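If you're wondering where the values come from, they're calculated on a predicted model, not measured in any experiment.
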Amino acid sequence: MTGPTGILSASRRTDIPGWYTPWFLNRIEKGYFIVTNPFNRQSRRVDSTPKDIHTIVFWSKNYGPFLDLDAHKILSRKGFHLFFNFTINTPVKALEPGLPDLPERLGQVRRIARHVSPAQVAWRFDPICFWEKSGGEFNNLDAFEYIAGQLSQMGIKQCITSFYDPYKKVTARIKRLTKPGTPMLKFIDPGMARKAKIIRSMAKFLNPLGMDLFLCCEKELMDAAGLHRFASHNSCINGRLYKTLFGGNPETRGDYGQRRKKGCQCTKSFDIGSYEDQPCFHNCLFCYARTGLDITKPSMG
């Protein structure tokens with residue numbers, strides 16, 4: 001008997017803890033998910049009992065609804081191992097308008113770390129954004145050091161980051177939301193040298209706090225700028241880590257459905273979210289997924 005090997009990813013495609021926890025718990029009770037591939041539209045059944053799933057990996061910017069339903073306790077009692085990817089960026093309402101205030105989200109990290117372990121939480125400061133508007137340049141790095149200091153006190157050891165990747169749908173979203181006659185926000189690339197300087201600065205700040213810096217899908221930057229002394233390629237789904245944390249035999253083979261050429265080191269998992277059926281209403285301006293902004297049409301001033 002080798003025990004469960006599967007890893008459930010919930011989810012790269014939407015924020016399940018923030019918006020779909022009741023649905024998720026209902027499917028866990030039923031013991032399976034029906035997952036539709038977003039590219040070829042083929043559906044498959046993914047069994048999701050503790051006999052099948054070694055670890056559930058959650059992705060969220062707002063674990064409040066999840067915690068309020070005691071989902072972490074329910075799942076732990078059922079025998080699932082849990083890991084939490086928690087994205088906490090500098091609060092910029094123009095970029096992430098639907099999130100609770102920063103102190104509330106930091107409180108959520110504290111609750112998770114107390115119930116499980118700080119080792120089961122990875123902090124994502126992601127993505128780093130630069131943009132122009134009304135002739136000025138802006139970025140979302142302001143509160144990085146403050147957030148890092150707060151999380152280090154809770155025992156969080158991982159910080160994962162990357163720079164904004166341009167998506168046609170984001171440009172179209174911004175154009176659609178901008179009021180006629182008002183300046184339009186435009187995301188910009190700060191350039192390789194500037195990116196490298198930022199990563200070195202982040203790593204040097206984190207080191208005394210006992211935190212390690214990881215880059216998500218930034219192979220070109222890592223190679224060109226020689227950043228391997230300062231940061232490592234990340235595995236946002238990391239079966240080897242879950243084996244260390246929980247024992248057993250989780251999946252450790254590479255996931256070649258992800259962006260391997262970009263440096264993704266993730267191991268295989270079952271992602272059970274849906275772009276189409278589960279839009280995220282945190283409405284992050286830069287998001288590659290389907291947001292409430294893509295359904296409703298408010299205007300940006």
query: Around atom CZ of R229, are there more than 12 heavy atoms of other residues, nucleotides or ligands at under 6.0 Å?
result: no

message: Can you classify the ring geometry of H81 versus F246 as parallel (below 30°), tilted (30 to 60°) or perpendicular (above 60°)?
response: parallel

query: Between the main-chain N or O of N283 and the side-chain N or O of T291, is there a donor-acceptor pair closer than 3.5 Å?
result: no

field: Stepwise side-chain contact (heavy atoms from CB on, under 4.5 Å) test for I112 and H72
entry: CA-CA 8 Å; I112 294 171; H72 52 310; 5.9 Å; no

- request: Ignoring hydrogens and angles, tell me if any N or O in the side chain of R290 forms a donor-acceptor pair with the backbone of E276 under 3.5 Å.
  value: yes

Side-chain donor/acceptor of T267 to backbone N/O of T252, under 3.5 Å: no

message: Taking F86's backbone N and O only, do any of them form a donor-acceptor pair with R105's side chain (distance below 3.5 Å, no angle check)?
response: no

- prompt: Which atom pair, heavy atoms only, marks the closest approach of S60 to D15?
  reply: OG-OD1, 2.8 Å

- prompt: Can we say D126 and K61 salt-bridge, meaning some charged N sits less than 4.0 Å from an Asp/Glu carboxylate O?
  reply: no

field: Steps toward salt bridge (Lys or Arg N to Asp or Glu O under 4.0 Å) verdict (D189, R194)
entry: CA-CA 9 Å; D189 187 333; R194 198 171 175 191; over 6 Å; no

message: I'd like to know whether NZ of K169 has more than 12 heavy-atom contacts from other residues, nucleotides or ligands below 6.0 angstrom.
response: yes

- prompt: Does the D271 side chain pair with the main chain of R12, one donor and one acceptor, at a distance under 3.5 Å?
  reply: yes

- request: Kindly say whether the aromatic ring centers of F33 and F24 come within a distance under 6.0 Å.
  value: yes

- prompt: With under 30° as parallel and over 60° as perpendicular, where do the rings of F187 and W131 fit, or are they tilted in between?
  reply: perpendicular

task: Spell out, yes or no, whether I198 and F144 are grouped together once hydrophobic residues are joined by side-chain heavy atoms under 4.5 Å, including indirect joins.
output: yes

query: Would you say the side chains of W59 and S9 form a donor-acceptor pair under 3.5 Å?
result: yes

message: Given 3.5 Å as the limit, does a donor-acceptor pair link the side chain of Y20 with the main chain of T14, or not?
response: no

task: Answer yes or no for R27 and Y32: cation-pi contact, defined as NZ/CZ to six-membered ring centre under 6.0 Å and angle to ring axis within 45°.
output: yes

query: Where the side chain of K93 meets the backbone of L99, is there a donor-acceptor pair that is under 3.5 Å apart?
result: yes

